[in-house]
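Atoms considered below: every heavy atom in the structure, side chains included; atoms not considered: hydrogens, waters and symmetry mates.
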Amino acid sequence: MERPYKFKKKYVKPINENKKELYKYLNNNAIYRNISSIVLNGEKMEFDQFIRFFDTGQFLWGSMKWKSMEKEVPYNTLDMGYVGYYYIDDNNDIHMYEFSVGAQDCGNYSEYIYTIGDNSIQRASINEIWNRIEVSDLEGTPYW
């Protein structure tokens with residue numbers, strides 16, 4: 001099922017003018033990748049995910065290995081994955097807002113806070129590190 005092009009709810013936070021260089025740094029020919037695993041019923045499951053930031057305050061969060069996808073560059077496939085908005089506060093923390101609809105509600109935003117590190121972003125609350133990976137073939141413009 002394709003994601004709708006016009007959301008009824010939209011989080012709009014003005015880009016922090018003092019942080020324009022950080023917005024460009026996050027977006028500039030890079031994605032952020034996290035490989036993690038869990039053991040479920042004695043079987044190890046691995047998750048290989050990415051976050052792609054756009055300097056417009058939008059992001060795409062997805063899997064590097066979509067089972068139903070044959071494309072080699074999932075970070076350029078803007079119609080798959082989770083989308084949302086972000087802003088950078090005065091402490092250089094990234095506040096990410098992902099819109100999702102659950103069974104018990106009509107939709108809401110989940111907030112995730114990451115700290116910008118050297119070649120990574122980190123979510124300290126669950127000890128999660130996303131490593132910056134340089135890529136040269138980024139394309140596409142977010143439509144959400």
Side-chain angles (χ1 to χ4, degrees), residues 1-38 40 44-144:
M1 179 178 211
E2 192 169 312
R3 182 183 318 115
Y5 281 80
K6 297 289 182 185
F7 290 111
K8 291 184 179 179
K9 290 188 175 187
K10 187 169 186 176
Y11 178 85
V12 179
K13 177 88 173 175
I15 291 177
N16 187 336
E17 292 296 320
N18 299 327
K19 303 296 179 180
K20 277 193 170 184
E21 291 304 312
L22 273 178
Y23 282 87
K24 287 181 182 177
Y25 169 77
L26 288 174
N27 172 39
N28 191 21
N29 294 325
I31 62 169
Y32 292 80
R33 191 171 184 183
N34 174 275
I35 300 173
S36 59
S37 62
I38 62 170
L40 185 62
K44 184 177 178 181
M45 298 175 63
E46 191 169 272
F47 300 95
D48 187 354
Q49 304 176 82
F50 71 89
I51 301 173
R52 178 179 172 189
F53 292 99
F54 299 87
D55 59 6
T56 53
Q58 295 154 294
F59 72 85
L60 173 67
W61 184 336
S63 173
M64 291 295 285
K65 301 175 184 176
W66 290 109
K67 290 182 180 177
S68 62
M69 190 170 87
E70 297 175 6
K71 300 185 182 203
E72 293 180 18
V73 285
Y75 44 82
N76 284 336
T77 308
L78 303 184
D79 59 350
M80 293 184 79
Y82 303 100
V83 297
Y85 302 91
Y86 76 96
Y87 76 95
I88 301 170
D89 68 17
D90 290 332
N91 296 321
N92 292 343
D93 289 333
I94 304 169
H95 294 256
M96 295 173 57
Y97 295 88
E98 173 196 10
F99 183 71
S100 59
V101 178
Q104 302 299 319
D105 58 38
C106 294
N108 61 32
Y109 283 95
S110 299
E111 179 181 17
Y112 308 97
I113 300 174
Y114 289 84
T115 301
I116 300 172
D118 293 331
N119 293 313
S120 68
I121 59 173
Q122 301 172 7
R123 188 168 155 203
S125 62
I126 59 171
N127 195 26
E128 182 179 81
I129 298 174
W130 295 71
N131 295 309
R132 180 181 170 91
I133 297 177
E134 300 287 329
V135 292
S136 61
D137 59 349
L138 288 178
E139 58 186 44
T141 303
Y143 54 81
W144 54 91

Using a 3.5 Å cut-off and no angle test, enumerate the donor-acceptor pairs between side-chain atoms of residues 116-131 and protein atoms at least two apart in sequence or in another chain.
| unit_1 | atom_1 | unit_2 | atom_2 | d |
| --- | --- | --- | --- | --- |
| E128 | OE1 | Y114 | OH | 2.8 |
| E128 | OE1 | W130 | NE1 | 2.9 |

Enumerate, atom names and distances included, each donor-acceptor pair closer than 3.5 Å involving a side-chain atom of residues 45-57, sequence neighbours excluded.
| unit_1 | atom_1 | unit_2 | atom_2 | d |
| --- | --- | --- | --- | --- |
| D48 | OD1 | R33 | NE | 2.8 |
| D48 | OD1 | R33 | NH2 | 3.4 |
| D48 | OD2 | R33 | NH2 | 2.5 |
| Q49 | OE1 | W61 | NE1 | 3.1 |
| R52 | NH1 | Y75 | O | 2.9 |
| R52 | NH1 | N76 | OD1 | 3.2 |
| R52 | NH1 | E139 | O | 2.9 |
| R52 | NH2 | E139 | O | 3.2 |
| T56 | OG1 | Q58 | OE1 | 2.5 |

Step by step, work out the side chain to side chain contact (heavy atoms under 4.5 Å, CB included) result for L138 and I31. CA-CA 9 Å; L138 288 178; I31 62 169; 4.1 Å; yes
Verdict with supporting geometry, Y112 and Y86, ring-ring contact (aromatic ring centres under 6.0 Å, His included): CA-CA 9 Å; Y112 308 97; Y86 76 96; over 10 Å; no
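Checked against side chain to side chain donor-acceptor pair (under 3.5 Å), T115 has the following partners two or more places apart in sequence or in another chain: D93. Here N28 pairs with nothing under the side chain to side chain donor-acceptor pair (under 3.5 Å) rule; sequence neighbours left out. Remark: K20 pairs with E17 by the salt bridge (Lys or Arg N to Asp or Glu O under 4.0 Å) rule, at least two apart or across chains. Checked against side chain to side chain donor-acceptor pair (under 3.5 Å), E21 has no partners two or more places apart in sequence or in another chain.
The shortest non-hydrogen separation linking F59 to Y97 is CE2-O, 3.7 Å.
The CG atom of L60 sits 10.5 Å away from atom CD of E98, with the distance rounded to the nearest 0.5 Å.
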